[in-house]
*Asks:* 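Below you'll find the structure I mean.
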Amino acid sequence: MLYYYANSGHKIGMERVRRGAALLKKLAAFGVETQLLVNDFRAGLLAKELGLDAYVTIESILDIDAIADTGDSIIIDSPEDDKGRLIKYCSDFAHVWRFEHDSEDSSVYGEKLIRSECKDETCINALIIDDLFFENKPKNNRTLFFLGDADYDKMIINNASFFKAFDMELLLGNYFFVKYESDLAKLFDTMHEPEEYTELITSSSCVVTASSQTALEAKVSGAKVILIQTDKALLYPKHLLEEYGIVVVEGFDIEKVTHALDEEVSQSSQQIEKYDVSNFKI
């Protein structure tokens, strides 16, 4: 059995759940028995919406071995401190992969790193996008805004003047509360439910987001993409996103976003390819 642990939550969002679901579906197609591990019920529901049959909730990275048995394989997609548990995982499990914490990260106990920029055979490519986003669908002339699945710090409301300057449609996040949605309705004429995520990302002509996973999904779908870089760490490095033709704007800058919206879609020489799972040998 291969377990994929995706750190998630109302303060974190679900980028790792989206990335994990995309990978596990591809591995399952090759006959690999897989199981997604998440931190809460809502993340599990999203995983099922994304096409996975089941999930298991655990409290943190420290609880992976409460589910996985000796001889299983694990993938760790989390920035959490493992508090030394990684050495046990590498001893107990047949294969251990983990996503890098940053570009300076290195293997500690023989685990294989999954890197955003993988340049040799010692690592695996972290840029994982569900194949369905590569389908070239007709586009509706809309500018869709998706901050992410969570807005714990209320960034949208705190930047009301930014959104009043644009005609954007809002895609709500999975962790947005009902009262918060009511407040957001004062800023946006059109709001979409989280369940519409895939349909909207693949059919919108322009996507503005603070999620780098969403930015990449929208880019391969053929949209113009602007990523708002907030104070939260990006899942993929800024320069890599720019290499793929994604415009990165620091903060909610009205002038820079206006300029980016008026520009032609960037034709990047660097193309995103469908993910190859052959390096995950179980």
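Numbering starts at 1 and runs along the sequence shown. Computed from a predicted model, the values in this text were never measured in an experiment.
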*Asks:* Taking all non-hydrogen atoms of both residues into account, name the closest pair between Y89 and I64 and its distance.
*Replies:*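 In this case the closest contact between Y89 and I64 is OH-N, 3.4 Å.
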
*Asks:* Of all residues at least two apart in sequence or in a different chain, which pass the salt bridge (Lys or Arg N to Asp or Glu O under 4.0 Å) check with E169?
*Replies:* R142

*Asks:* Would you call D253 and F162 a side-chain contact if the rule is heavy atoms closer than 4.5 Å?
*Replies:* no

*Asks:* Please give me the minimum heavy-atom distance between L50 and V17, naming the atom from each residue.
*Replies:*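 Smallest interatomic distance, heavy atoms only, reads CD1-O, 4.2 Å.
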
*Asks:* Can you see whether Q213 engages S211 through a side-chain donor-acceptor pair at a distance of less than 3.5 angstrom?
*Replies:* no

*Asks:* Applying salt bridge (Lys or Arg N to Asp or Glu O under 4.0 Å), name anything that partners R18, two or more places apart in sequence or on another chain.
*Replies:* D149

*Asks:* Parallel under 30°, tilted from 30 to 60°, perpendicular over 60°: which one fits the rings of H95 and W97?
*Replies:*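 Geometry flag for W97 against H95: parallel rings.
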
*Asks:* Determine whether more than 12 heavy atoms belonging to other residues, nucleotides or ligands lie under 6.0 Å from atom CD of E33.
*Replies:*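 Not more than 12 within 6.0 Å, no.
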
*Asks:* Which residues satisfy the ring pair (Phe, Tyr, Trp, His ring centres under 6.0 Å) test with Y197, sequence neighbours excluded?
*Replies:* F146

*Asks:* What is the minimum heavy-atom distance between A126 and S116, and which atoms define it?
*Replies:*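 Closest approach of A126 to S116, heavy atoms only: CB-N, 3.7 Å.
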
*Asks:* For a quick test of reading the model, state the closest non-hydrogen atom pair linking L240 to L127 and the distance between them.
*Replies:*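 Shortest heavy-atom contact: CD2-CD1, 4.2 Å.
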
*Asks:* Going by the angle between their ring planes, with limits at 30° and 60°, are F145 and F252 parallel, tilted or perpendicular?
*Replies:*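 Judged by the thresholds at 30° and 60°, the geometry between F145 and F252 is tilted.
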
*Asks:* Grab the two heavy atoms, one from Y236 and one from I128, that are nearest each other, plus how far apart they are.
*Replies:*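 Where Y236 meets I128 most closely, the heavy atoms are OH-N, 3.7 Å.
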
*Asks:* Sequence neighbours excluded, which residues qualify as side chain to side chain donor-acceptor pair (under 3.5 Å) partners of H101?
*Replies:*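 Checked H101 against side chain to side chain donor-acceptor pair (under 3.5 Å); zero matches.
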
*Asks:* Would one find more than 12 heavy atoms of other residues, nucleotides or ligands at under 6.0 Å from atom CG of D53?
*Replies:* no

*Asks:* Are more than 12 heavy atoms, taken from residues, nucleotides or ligands other than N141, located less than 6.0 Å from that residue's CG atom?
*Replies:*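 Atom CG in N141 is not packed in, count stays at 12 or less.
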
*Asks:* Output, in order, the C-alpha distance, side-chain angles, deciding distance and verdict of salt bridge (Lys or Arg N to Asp or Glu O under 4.0 Å) for E195 and K48.
*Replies:* CA-CA 11 Å; E195 292 77 16; K48 298 192 83 169; over 6 Å; no

*Asks:* Under the salt bridge (Lys or Arg N to Asp or Glu O under 4.0 Å) rule, collect the residues that match up with K88, sequence neighbours excluded.
*Replies:*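 Per chain and number, K88 pairs via salt bridge (Lys or Arg N to Asp or Glu O under 4.0 Å) with D65, D92.
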
*Asks:* Who passes salt bridge (Lys or Arg N to Asp or Glu O under 4.0 Å) against D105, sequence neighbours left out?
*Replies:* R98

*Asks:* Any side-chain to backbone donor/acceptor pair from K219 onto G245? Under 3.5 Å, distance only.
*Replies:*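 At least one qualifying donor-acceptor pair exists.
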
